[in-house]
Protein chains: 2
Amino acid sequence: MTDAKRAFIARKEQELETLCRAQGLSLTPQRRALLDALARRKDHPTADQLYDALQKTVKGLSRTTVYRTLETFANIGLILKVSSQQAKARFDADTSRHHHISCVQCGAVADLIDPGFDLPELPDKHPSGFRIYDYAITFTGLCPRCQQDSSHTA
Amino acid sequence: MTDAKRAFIARKEQELETLCRAQGLSLTPQRRALLDALARRKDHPTADQLYDALQKTVKGLSRTTVYRTLETFANIGLILKVSSQQAKARFDADTSRHHHISCVQCGAVADLIDPGFDLPELPDKHPSGFRIYDYAITFTGLCPRCQQDSSHTA
DNA sequence: TTGCAGATGGTACTTTGTGTCAATTGGTTA
DNA sequence: TAACCAATTGACACAAAGTACCATCTGCAA
């Protein structure tokens, strides 16, 4: 693990405490474990992937809690809910503005960090009547694995 | 309905025939009806919404066929699978490059046409190893209805 | 007109996500 | 540091979204 990654995880743990205190939420072991697990990963796991991964280490962790907690985290802005081509939610601990590329074949999502793709300015309100909060660019393409192995699915 | 809309629907029907012939797919009444229904709508319906709408007019249409056909259409590039905040697929008959705004509260998806948001150029391959096919910008915000009625869901 | 590959409909099933509620626990207060 | 209570959790049942399977049907090419 790089130093930057270690620092990122520490920052997220700090942010968890700050945000929970600010929102009057309890700091439970489940919440700590979930955020830690998500912060350590660089793929963008689904709720069930996180559940499978944590079930082993966090004894008695329930699937309901995983879904509920991730939703809570997304609501308080601690993590991002990332939409992929496949119809299931994926989550990302990195809430800074960055973009994603999603594999049309297996659905894997990776970061795509390139300030050249940032938009100039963002109107607060659009002619359509929507109030605009934020944006994200989702690229579609073929991941390295699927370029070689066309039978791969995830 | 505007003339432009009528022309769009006619173009899509033409495109359906061309693409099916090119791919060796049959031109079934179900496929015609589905594409027509999707092309006429300007919201971005889910598979089940299309199923509900067509069940009445296309007798005996099965839910399985709707899911299967939409997937097929997306694969041959006849329609787009649009990702929204909610974990369900939405579909769009307009395959030209344009962007979407999705309501964080009710999940509604609308078009956001503004060439000012287009990206300069697109590298074929990115350092991440992904082969890039295309991109779409998804704005998040609050739709006009939800700005007024915070209990509204769809 | 016929044959058949491909498409459909129906059912059962899996996956993804939500509602409910009793039992538990974090965190505050005394 | 003990006790209380609202918030959280786990377990189960349920709903919603999507897929697998297979017998039947049909578009379309010969």
Side-chain angles (χ1 to χ4, degrees), chain A residues 16-35 44-55 57-76 78 81-91 105-107 109 153-154, chain B residues 16-35 44-55 57-76 78 81-91 105-107 109 153-154:
Chain A
L16 171 68
E17 299 194 9
T18 309
L19 278 170
C20 283
R21 250 183 269 286
Q23 307 274 339
L25 302 176
S26 304
L27 273 163
T28 67
Q30 291 89 338
R31 285 184 177 155
R32 288 184 191 278
L34 256 172
L35 181 66
H44 298 67
T46 64
D48 276 320
Q49 283 174 337
L50 279 171
Y51 172 58
D52 290 342
L54 282 174
Q55 218 179 357
T57 47
V58 183
K59 76 172 187 74
L61 177 68
S62 99
R63 199 167 148 274
T64 311
T65 298
V66 173
Y67 274 88
R68 213 167 14 198
T69 303
L70 290 171
E71 204 61 39
T72 304
F73 284 175
N75 283 338
I76 63 176
L78 183 60
K81 202 170 175 177
V82 181
S83 55
S84 76
Q85 290 306 99
Q86 294 180 325
K88 52 187 145 182
R90 291 175 172 273
F91 297 89
Q105 198 152 114
C106 73
V109 175
T153 53
Chain B
L16 171 68
E17 299 193 10
T18 309
L19 278 169
C20 282
R21 251 184 268 288
Q23 306 273 340
L25 302 175
S26 304
L27 273 164
T28 67
Q30 291 88 339
R31 285 183 179 157
R32 287 184 193 278
L34 256 173
L35 181 66
H44 298 66
T46 63
D48 276 319
Q49 284 174 336
L50 279 170
Y51 172 59
D52 289 343
L54 282 173
Q55 219 179 358
T57 48
V58 184
K59 77 172 187 75
L61 177 68
S62 100
R63 199 166 148 274
T64 310
T65 298
V66 173
Y67 274 87
R68 212 167 14 197
T69 303
L70 290 170
E71 204 62 39
T72 304
F73 284 175
N75 283 338
I76 64 176
L78 182 60
K81 202 170 175 177
V82 181
S83 56
S84 76
Q85 290 305 98
Q86 294 180 324
K88 52 187 146 182
R90 290 175 173 272
F91 297 89
Q105 196 154 114
C106 74
V109 175
T153 52

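Convention: sequence-line order gives letters A, B, ...; per-chain numbering from 1.
A/Ser62 pairs by the side chain to side chain donor-acceptor pair (under 3.5 Å) definition with A/Thr65, not counting sequence neighbours. Under the side chain to side chain donor-acceptor pair (under 3.5 Å) criterion, A/Gln23 pairs with no residue at all, not counting sequence neighbours. For B/Asn75, the side chain to side chain donor-acceptor pair (under 3.5 Å) criterion is met by no residue, not counting sequence neighbours.
The side-chain heavy atoms of A/Phe73 and A/Leu16, taken from C-beta on, include a pair separated by under 4.5 Å. Residues A/Ile76 and A/Leu25 meet the side-chain proximity criterion, which asks for heavy atoms closer than 4.5 Å. Side-chain contact between A/Tyr67 and A/Glu71: absent, with no pair of heavy atoms (C-beta onward) separated by less than 4.5 Å.
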Contact letters for nucleotides 18-30 of chain C, in which S counts primed atoms plus P, OP1 and OP2 and B counts the base, heavy atoms under 4.0 Å: BBB-----SS---

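Atom CZ in B/Arg31 sits roughly 12 Å away from atom C1' in D/dT26 (whole-Å rounding). Rounding to whole angstrom units, CG of residue B/Leu54 and C1' of C/dG9 are separated by 15 Å. A/Gln55 has its CD atom 10 Å from the P atom of D/dA11, to the nearest Å.
For A/Arg90 (side chain) and A/Lys81 (main-chain N/O), no donor-acceptor pair under 3.5 Å exists by modelled atom type.
Projected onto DNA chain C by closest heavy-atom contact, A/Asp48 and B/Val58 fall at different nucleotides, the more 5' of which corresponds to B/Val58.
Pairs passing the salt bridge (charged side-chain N to carboxylate O under 4.0 Å, His left out) check and including a residue from residues 59-70 of chain A, sequence neighbours excluded, read A/Asp48-A/Arg63.
Taking five base pairs at each end of the helix from C/dT1-D/dA30 to C/dA30-D/dT1 and finding the rotation axis that steps the C1' atoms of four pairs onto the next four gives two axes whose angle is 30°, to the nearest 10°.
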